[in-house]
Every structure is written in structure tokens, then in C-alpha cells.
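Written out below as C-alpha cells is the structure these notes cover.
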Amino acid sequence: MDAFKYKDGWLYAEGVCVEELALKHGTPLYIYSRGHLQDQHRALASAMRAVKPLICFSVKTNTNAAVINTFAKLGAGADVVSGGELYRAIRAGIPASKIVFAGVGKTVADIEYALKQDIRFFTVESEPELERISKCARRLRRKARIALRVNPDVDPQTHKYISTGKKENKFGLDLGRAMKAYELAARLPNLEIVGLHMHIGSQILSSAPYTHALHKVEKLCRQLKAKYPTFRVLDMGGGLGISYKPSQDPLDAKHFADIVVPFLKRLEMDVVMEPGRFLVGNAGILVTRIQYVKNGPSKKFVIVDAGMNDLIRPPLYQAHHEVIPVAKTRGTFMADVVGPICESGDFFALDRHLPKVKADDLLAILSAGAYSFSMASNYNSRGRAAEVMVSGRKAALIRTRETWADLARGEKLPRL
Ligand code: LLP
């Protein structure tokens with residue numbers, strides 16, 4: 001489903017007029033299409049059905065309860081990276097038995113909470129972490145199921161900040177050391193070895209890095225299967241890329257499946273996947289109102305009411321997001337689209353051919369469903385935006401806009 005389309009010159013989110021939502025809820029405003037979330041989940045589940053993967057939505061991409069709950073209703077699990085995400089996933093209706101917990105720095109509190117909730121398994125990134133999980137499990141008289149995260153040292157051909165499976169990255173254990181780490185896990189009390197995990201990076205647009213990584217871990221998987229009867233899960237992580245530009249081809253689920261499924265079938269293991277961006281990236285837009293159009297000495301600036309605190313991807317990763325008008329206009333001009341924040345890095349687009357817009361017009365920043373609201377901050381004491389979900393002709397507010405009082409919540413004047 002292409003969830004955001006023009007009808008009679010006006011942008012619609014499914015069957016709902018975007019301008020009406022902006023008038024009702026104000027701007028900046030995130031809008032998500034439930035239909036697109038469902039379609040993406042179905043496309044992946046159906047492409048991969050020969051190996052019946054457990055699809056664990058990577059909650060870091062979009063933490064709104066309504067989004068997580070949409071996937072819960074489709075039978076998905078969750079991939080979490082903190083106690084907070086685990087709390088959100090459970091609260092939004094994902095059974096703990098379908099939640100996997102990753103991350104290089106799990107605290108004792110995180111681990112104990114996850115053990116009490118009896119999550120599916122921990123993906124473990126180092127030997128000291130194995131020891132810590134074992135200790136916590138022993139103290140709580142529980143068994144911790146674990147999958148070691150291996151770092152296959154492949155280049156996912158993506159931005160360096162979001163590449164995670166190269167040897168210089170902090171993630172996982174290198175293949176050479178993995179067997180020893182499994183032997184340690186087998187010796188430590190209260191641990192059960194259930195599988196192997198890898199996650200090589202994000203916004204990956206070809207299947208090649210996956211097949212490369214799978215080939216690299218195949219031998220180890222076979223050895224582990226032979227050695228540990230409880231070893232049965234291959235968690236392939238996430239990373240499937242989406243299209244951020246009309247010219248960019250997303251990683252097609254069917255094509256991806258055609259390449260990896262035969263390999264997975266041969267391996268005869270239970271498959272877990274942790275997609276994030278693929279499920280939510282193009283399900284969301286950020287709607288923002290133009291405050292001023294300013295003519296600088298060498299450039300034109302379209303100054304909008306959203307800022308890098310709402311969506312930090314362009315300055316952080318040089319990420320491209322399409323910017324389109326909510327009401328179609330005639331003509332174009334070249335400009336930077338910038339926010340109100342006191343930083344030159346506060347931009348959404350640089351030197352972009354834009355439709356000829358003016359102050360008070362609405363713009364939509366596309367592909368803002370993943371790593372957008374979830375990476376928002378309160379910098380410059382700006383409350384975080386409201387979020388709305390649409391389904392067909394219906395729309396619902398799924399998070400209220402933060403108020404100034406929210407900004408100061410929890411602060412106290414000291415009595416020193
Ligand atoms: N599993 C693990 C262990 C991960 O670390 C991640 C993402 C995922 C799954 C989901 O990856 P996805 O399917 O969404 O590519 N903030 C960056 C992306 C950071 C990715 C972090 N890990 C961005 O805005 O591009």
C-alpha cells in the first residue's frame with residue numbers, strides 16, 4: 001500500500017486528509033498508516049513462510065504503543081534493547097514469550113526484569129555479559145535462555161553509523177571466539193543455549209551481505225547443533241532497507257526470501273527475524289508548518305516548525321527524506337528546509353528543488369515512521385510532537401503533544 005497519496009491536489013493518509021489532521025492536532029505532527037504497517041508485516045511473513053519465522057518487531061524504530069500493538073495483533077514478537085523497551089512491548093500486548101533482548105550493555109536491573117518476565121531469550125554480546133546473566137538467573141532461581149551474537153565481519157554497504165557486523169564494531173563476538181564463548185555458557189549455571197544471533201547493519205538494500213553472513217556462520221551453526229541439543233534458533237537480526245527516494249529500490253521481501261530461504265531450510269533451525277525500518281519506515285510522515293521563507297545572501301531557507309529534535313536523521317546520517325507539500329502547488333524553487341533550532345545542523349533538506357511554497361503552508365517529510373519520533377529529544381525545550389494513526393477513513397490521536405509542564409516534570413529546586 002502506498003499510504004500517502006494526493007487526491008484532488010491534497011495529500012491524504014489512507015482515506016484521511018492530512019491538512020484536516022494538522023488543523024485538528026497542530027504541528028509538528030507524526031501520522032502513521034496502520035494499513036501500511038499491516039501490509040509490510042504480511043509481505044515479509046508471506047515471503048518467508050517456508051521457514052515460518054518469528055518476526056520480532058524492533059521496537060527501537062517506533063515505540064508508540066499503538067504501533068507495537070498493531071504488530072502484536074498480527075502475532076509478532078518484539079526485539080528490545082533496554083528494560084524500557086521491554087516494558088513498552090509487554091504493555092502494548094506482545095507476550096514476553098515472543099520477546100528477544102539485545103544490546104551490549106544490559107544492566108543487572110534490565111536482566112532481572114527480563115528474567116522475571118520470562119522472555120524468549122537474551123542475545124548475548126560478550127563473555128562478561130554471560131557471567132552477569134548467569135549470576136542474575138541463579139539469584140532469581142530461573143533459567144536464562146541465551147543466543148550468542150556473533151559478528152560475522154561483513155560489510156553491509158550502509159552508513160558507517162548503522163553498520164554493526166564489521167569487526168571494528170562494538171557488537172557481538174567474532175567468529176573465532178564464538179565457540180569458546182559457547183563452551184563458557186555451557187559451563188555457567190542457570191543458562192540454556194538456544195541459538196545464535198547476528199545483526200549486520202541497517203538500511204541494507206541487497207541480499208548479498210545476508211548471504212555472505214549466513215555462509216560465514218553456517219559451519220558454526222552445524223557444530224553447535226551437534227554439540228548442544230538445545231541449540232535450535234538462528235536469529236538473523238533486522239536491517240532490511242526501504243526506499244527513501246523515488247529512485248531507490250527497497251529490499252524486496254520476495255527477492256530477499258528467494259535468496260535466504262533455501263539456505264535457512266538446509267540449516268533446519270527455527271528462524272527469528274528482527275525487522276524494524278522495513279515494517280514502519282514508510283508508514284509514517286512528519287507534517288510541519290512553514291513559519292517563514294527567508295532569502296539569505298546565497299540561499300533560500302524554508303523555515304518550518306519541526307526541528308532536528310523531532311527528526312535527527314538528516315544531520316546525523318546525512319539521510320535523505322523526501323519533502324512534499326500537503327497542498328500541491330505550481331512551480332519550484334531551490335532552498336534548504338530548516339528547523340527553528342539554534343544549530344546549523346538543524347535541517348531536513350539542503351539545496352533541494354522544492355515546490356514553490358510559502359509561509360503557513362504545510363509540508364510533509366516522508367519515510368518518517370522509523371527512527372524518527374523514537375529518536376526525538378527535548379532539545380531547545382521543545383515538547384515532542386503529537387502522533388496520530390489512521391486506518392481507512394478513521395484517525396486517532398495515539399500520543400498527545402508534550403506540554404511545557406511535561407518538559408519540567410521531575411525537576412526539583414535543590415535545598416542545598
Ligand atoms: N536488531 C538489532 C539487534 C538492532 O540493533 C537493530 C537496529 C535492529 C534489529 C533493527 O534494524 P532495522 O531492521 O530497523 O534496520 N537510527 C539508525 C538506525 C540504527 C539501527 C540500530 N539497530 C537510523 O535512523 O538509520
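Worth saying up front: this structure is predicted, and the values here are computed from it rather than measured. First listed ligand is number 1; within each ligand, the first listed atom is number 1.
Here the rule is side-chain hydrogen bond (donor to acceptor under 3.5 Å, both in side chains) with Asp336, and of Lys300, Arg352, Lys299 only Lys299 fits it.
Which parts of ligand 1 touch Met375 is read off a 4.0 Å heavy-atom cut-off, strictly below it: atoms 16 (N). Below 4.0 Å from some heavy atom of Thr61 lie the following atoms of ligand 1, by number and element: 14 (O). Interface of Gly276 with ligand 1, defined as ligand atoms under 4.0 Å from a residue heavy atom, comprises 12 (P), 13 (O), 14 (O). For ligand 1, the atoms lying closer than 4.0 Å to a non-hydrogen atom of Glu274 are 1 (N), 2 (C), 3 (C), 8 (C), 9 (C), 10 (C), 13 (O). Numbered from 1 in the order shown, with element, the atoms of ligand 1 that lie under 4.0 Å from a heavy atom of Gly239 read 11 (O), 12 (P), 13 (O), 15 (O). Distances below 4.0 Å separate heavy atoms of Pro275 from the following atoms of ligand 1: 13 (O).
In Arg409, the CZ atom is not crowded: 12 or fewer heavy atoms of neighbouring residues, nucleotides or ligands sit closer than 6.0 Å. Residue Tyr292 qualifies as open at atom OH: its count of foreign heavy atoms under 6.0 Å is 12 or below.
Taking the six-membered ring for Trp and thresholds of 30 and 60 degrees, Tyr30 and Phe373 have ring planes more than 60 degrees apart, a perpendicular arrangement.
Taking both residues in full, the closest heavy atoms of Asp153 and Lys216 are given as O-NZ, 3.1 Å, listed atom of the first, atom of the second, then distance. What you find for Val280 and Ala370 is that their closest heavy atoms are CG2-CB, 3.7 Å.
Comparing heavy-atom distances from atom 6 (C) of ligand 1 across His199, Arg313, Gln203 singles out His199 as nearest.
Counting heavy atoms closer than 4.0 Å to ligand 1, residue Tyr317 contributes side-chain atoms (C-beta onward) but none from N, CA, C or O. Heavy atoms from both the backbone and the side chain of Ser202 come within less than 4.0 Å of ligand 1.
At a 3.5 angstrom cut-off on N or O pairs, Tyr371 counts as close to ligand 1. Taking any N or O of Ser58, backbone or side chain, none lies under 3.5 Å from an N or O belonging to ligand 1.
By the 4.5 Å heavy-atom criterion applied to side chains, Leu115 and Cys136 are counted as neighbours.
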Practice item. For ring pair (Phe, Tyr, Trp, His ring centres under 6.0 Å), just list the numbers for Tyr244 and His321, CA-CA rounded to whole Å, side-chain angles, deciding distance to a tenth of an Å, and then say yes or no. Key: CA-CA 6 Å; Tyr244 280 93; His321 286 259; 5.3 Å; yes
